[in-house]
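Lettering of chains follows the sequences in order, A, B, ..., and the numbering in each one begins at 1. Nothing here was measured: the structure is a model prediction, and the numbers come from that model.
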Amino acid sequence: MVRKFWLMKSEPDVFSFQDLQKAKKQTTCWDGVRNYQARNFMRDEMKKGDLVLYYHSNTKPPHIAGVAEVVKESYPDHTQFDATSKYFDPKSTLEKPRWFMVDIKAVAEMKETLSLDTLKNEASLAEMKVVQRGQRLSVQPVTAAEFKRVLKIGRTTL
DNA sequence: GCCAACGTTGGC
DNA sequence: GCCAACGTTGGC
């Protein structure tokens, strides 16, 4: 099995990489994804041991903050069944859950965070989805080369 | 806070 | 199954 690489977006005001580091076992469930494409990546393709670039969106400047690892493969997102949750989905049932999530664990904080500007100015990263205009997907695949390059620019080793 | 880009919903 | 209306994302 080949390890794959991903980028996941989170608003630091909601749940930052530092929050993840402080969390129990430095692990969290990635609840609240309500986009089919992002769900499919989590449900079908993310495997234990895959590595994740943890991206802070909706902040100034937006940036890659750290690296995390998938520690639990997809299972139903419990918030879809919770009527008090803003992620509640009345069309979802226990028998046929619509939304899935994975657990990720903090691995390393970026020694130098990589701003979106930096990413955009990096020719070798021009193909990264996150630098492309209008790209809203909150879970997206990253190539091994891109992942490696990001770590190098961020002076970060695992 | 604005708004462009995109995804989803629902009437027809 | 089309597409207008609406809601959300997320950079700026």
Is E45(A) salt-bridged to K4(A), cutoff N-O under 4.0 Å?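 No, no charged N to carboxylate O under 4.0 Å.
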Which residue is it: Y75(A), Y36(A), F88(A)? I am looking for the one with a ring-ring contact (aromatic ring centres under 6.0 Å, His included) to W99(A).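 Looking at Y75(A), Y36(A), F88(A), the match for W99(A) under the ring-ring contact (aromatic ring centres under 6.0 Å, His included) is Y36(A).
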Just checking K47(A): does its NZ atom have more than 12 heavy atoms from other residues, nucleotides or ligands closer to it than 6.0 angstrom?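 Enclosed.
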I'd like to compare against my own output: the B/S/- annotation of nucleotides 5-12 of chain C with a strict under-4.0 Å heavy-atom distance to protein. --BBBBBS
Measure from the ring center of Y54(A) to the ring center of W6(A) and say whether it is less than 6.0 Å.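 Not under 6.0 Å, so no.
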V71(A): which of T27(A), I104(A), V102(A) passes side chain to side chain contact (heavy atoms under 4.5 Å, CB included):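 Single side chain to side chain contact (heavy atoms under 4.5 Å, CB included) partner of V71(A) among T27(A), I104(A), V102(A): T27(A).
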